[in-house]
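First the structure, in the form of structure tokens, and then the observations on it.
Just so it is clear: chains get the letters A, B, ... in the order the sequence lines come, proteins before strands, and each one is counted from 1.
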4 protein chains.
Amino acid sequence: MGIRERKERERERRRQQILVAAKRVFTDKGFSKATMYDIAKEAELSQGTLYLYFKNKDELYSYLSLRILQYLMIRLEHVRAEPVSGVTQRLNALKNAMYDVYEFDPLILINMFHMQSSETLKKLSPDIVDQIDKLSRSALKVMADIFEDGIKNKRLVDYKPVVVADIFWSLFSGIILWETSKKMIDGEKDFLKTTLDTAFEIFFRGISLN
Amino acid sequence: MGIRERKERERERRRQQILVAAKRVFTDKGFSKATMYDIAKEAELSQGTLYLYFKNKDELYSYLSLRILQYLMIRLEHVRAEPVSGVTQRLNALKNAMYDVYEFDPLILINMFHMQSSETLKKLSPDIVDQIDKLSRSALKVMADIFEDGIKNKRLVDYKPVVVADIFWSLFSGIILWETSKKMIDGEKDFLKTTLDTAFEIFFRGISLN
Amino acid sequence: MGIRERKERERERRRQQILVAAKRVFTDKGFSKATMYDIAKEAELSQGTLYLYFKNKDELYSYLSLRILQYLMIRLEHVRAEPVSGVTQRLNALKNAMYDVYEFDPLILINMFHMQSSETLKKLSPDIVDQIDKLSRSALKVMADIFEDGIKNKRLVDYKPVVVADIFWSLFSGIILWETSKKMIDGEKDFLKTTLDTAFEIFFRGISLN
Amino acid sequence: MGIRERKERERERRRQQILVAAKRVFTDKGFSKATMYDIAKEAELSQGTLYLYFKNKDELYSYLSLRILQYLMIRLEHVRAEPVSGVTQRLNALKNAMYDVYEFDPLILINMFHMQSSETLKKLSPDIVDQIDKLSRSALKVMADIFEDGIKNKRLVDYKPVVVADIFWSLFSGIILWETSKKMIDGEKDFLKTTLDTAFEIFFRGISLN
DNA sequence: GATGAATGAGGTTTCATTCAT
DNA sequence: AATGAATGAAACCTCATTCAT
């Protein structure tokens, strides 16, 4: 391994260290109440160092969204790559993938929508906006492909695959957001997993033929 | 009408005027980038005046959530109050109610989740936290009642009504959030209504017997 | 006097108060070592208040240049307005005007050239760049007019009036800069006035016929 | 050549390399907006290395002034060393020397005055302050000598030679500063050379007898 | 000698909130 | 009741300088 490569790897490790710290802090306090100082402290680095790895607070933040999308993509590829089996198994695999995504970062989705303000988007480097755009498209595409399979095999209702994928993803994130919100407000017990289970069941019934 | 009452009414009018302005500004810039100055200007009032009607920025903000919940509640009551008819009609009425809520304030849901940060909740007066809590419970309750009806009549699958209501609400807000987000990022055309239609169809298929 | 007018006047007074403080601080420390905190303290205001009157540090700074140009302009108008007399008297009046400008703000010229970095110019509002531009043109114009008079009357050498004015102004500011610099470096006594006297004498001899 | 000497020479070469880069950067951005990183990049060295050759930013900066003074000194010595000729030829030679100085570094004079802030001077090592002091004195001395010659020969007006030299230098740097400044602000064409010509002509007329 | 990642003090700037009018 | 100038704490961010490699 060349020296240059080692450096690059070291740099990547640092970025991850910062992202992990940032995730904790953002999750805990939300975007606007979290300060760069908090994140630096959590990462056991100085504030200045954060700026060596991320252009500004907004950009650091968006890399978190990117990260969860990347993880989602990896899991979805996995589902797609599995030896072809029946629709039922595939939908099941899809469900499990979503559970994993949730485990990977149960709270970040809450803040993920912070990015939508166009004011915020303007400050991001086009590169990252582009990446986020591409990744979410790809992820949706993979999901759509899975549904399309089922539709072609006359196992699923003939909706547009892209729309079904959109709804699937909306349902998933909507539940996480809402259940988390309820928990925050009245400290209820964590019914999320059960709710998610039921939701998937309803959804799959809803798109299945017979 | 007593003088006291007139004053109270006047005061309420002012509050609404501020809330309308705040909605526009928050929707446009997101919570953290919106300033009290922006809101004051939009409301054609001074910054100081805002504080005569709302304790602080967080509280002003949460009244917006309260407002949409109140509207939701009004529409739901309406659905419940309708002369009892078949499940299909009631689900249809429910669907229409949701469209109305969306028309009433298509974007505020995006920011509504800002509130969930427990740091934010701490700064709100207990009174408003309480109101939000009550209202969302009631709204969910009405929805649950509607589903329960169908379940009792053996027209709907025997899930827990509360859970079905939760999922229904999550699906609705998830789609709004996601579709809006897509539109922001790549300026796609507005497919929201169609997606929402399909989503409701799938959902209703999913919970229906036969 | 209307209330609006009074407010405007009050606002102008505040601006001047800040400019006076800023002049002292910039003169004392130079542009980059002077902080907004220093200026605020000197003006007995808070840092935030400075930003109510000036967009940023660079802009606050440039208003100082504007101020000296305005004073220069006033004095020059005075010279031009004087009942027409011989060239000698007018040049003398011009000389005195320059002495006054020097008294008005003996050190600010040192820093005035800070502005020239195009990086700095970019951050200024076009309005102020425009004003500075116009004022310095006008001032140069008045000087050129005076020289033109003498040239037409065959009392001065036939150089282009604009160029003569440029040289006159350069000589003046060059001497102030250089003498101040010498004083700073080796604390020599203040020969500026004498040097300025001799310089003007040489210059006037240099442009006079016979 | 001993090894020690070779090392010293190598070290000197490096210093010059840094100074050349620094000149470019300072000229481009002005003192305070230029960063050590910018300079290092321009010099194709690392930031740390700069500190092996110069104590700090201020010191690096002042060596640039030193450098132009050194060049000025070399050219002036040349003028003085020329086989004695008439005053006219000598003044002409002096004029050409100044043109050369201007060619050597047309913009650095703008920033040269940054140094005058006493706050800046305090941070410089006494050594360099001393050198700058000595060099500028010597340069002025050579100029004064030339003028003294003319005065003794009854060709120039009997002003104090030192003062005449001061004025000459002020005129020169004043014009460079002012013309550069005008060019920056309104992008006018480069009349500097012409203006400089006229200025010298006026100055020489002004100090000449008859 | 050279590097450049890391530091952290300190700068500029913002903005929720207050309070005299 | 309404104002809006003023505050000042605290945020983001920069950058000269250091030091382990």
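- Among the protein residues, A:Y53 comes within range of the sugar-phosphate backbone only, with heavy atoms under 4.0 Å from sugar or phosphate atoms but none that close to a base.
- The nearest heavy atom of DNA chain E to A:R11 and to C:K57 marks one nucleotide each, and the one closer to the 5' end goes with A:R11.
- If you take CZ of A:R15 and C1' of E:dA5, they are 15 Å apart, rounded to a whole angstrom.
- Side-chain contact between C:L45 and C:R14 is present, with heavy atoms from C-beta onward closer than 4.5 Å.
- If you measure from atom CD of D:E59 to atom P of F:dT17, you get 10 Å, rounded to the nearest angstrom.
- Atom CZ of A:R6 and atom P of F:dT21 are 14 Å apart (whole Å).
- Note on A:A34: only backbone sugar-phosphate atoms sit closer than 4.0 angstrom, heavy atoms only; bases stay farther off.
- The side chain of B:L52 has F:dT3 as its nearest neighbour among E:dT3, F:dT3, E:dT18.
- Set against E:dT18, E:dT13, E:dG1, the side chain of C:Y51 has E:dT13 as its closest nucleotide.
- Atom CG of C:N56 and atom P of F:dC12 are 20 Å apart (whole Å).
- Between the side chain of A:Q47 and the base of F:dC12, no donor-acceptor pair under 3.5 Å is found.
- The phosphate of F:dA2 has OP1 or OP2 within less than 4.0 Å of a side-chain N or O from B:R14.
- Remark: P of E:dA16 and CZ of B:F26 are 9 Å apart, rounded to the nearest angstrom.
- Counting to the nearest Å, the C1' atom of F:dA10 and the NZ atom of A:K33 are 13 Å from each other.
- A heavy-atom distance below 4.5 Å is found between the side chains of D:F54 and D:L19.
- Pair assignment for F:dA2: E:dT21, on the basis of Watson-Crick or G-U wobble contacts that are both within less than 3.5 Å.
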(message) Pair A:M36, A:N56 - check side-chain contact (heavy atoms from CB on, under 4.5 Å), show working.
(response) CA-CA 9 Å; A:M36 292 303 266; A:N56 56 40; over 6 Å; no
(request) List the steps and the verdict of side-chain contact (heavy atoms from CB on, under 4.5 Å) for C:V20 and C:R67. (result) CA-CA 10 Å; C:V20 167; C:R67 220 156 144 267; 3.8 Å; yes
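- Distances shown here put every side-chain N or O of B:T35 at or beyond 4.0 Å from the OP1 or OP2 atom of E:dC15.
- Rounded to whole Å, atom C1' of F:dC12 lies 13 Å from atom CG of A:D38.
- Between the P atom of F:dA16 and the OH atom of D:Y61 lies a distance of 14 Å, rounded to the nearest Å.
- Enclosure of atom NZ in D:K41 is not indicated, since only 12 or fewer non-hydrogen atoms of other residues, nucleotides or ligands lie within 6.0 angstrom.
- Where C:M36 and B:G48 each meet DNA chain E at their nearest nucleotide, the meeting point lying more 5' is that of C:M36.
- Phosphate proximity of E:dG8 to A:S46: absent, as no side-chain N or O sits under 4.0 Å from OP1 or OP2.
- If you check every strand for non-hydrogen atoms under 4.0 Å, D:L45 touches sugar and phosphate atoms only.
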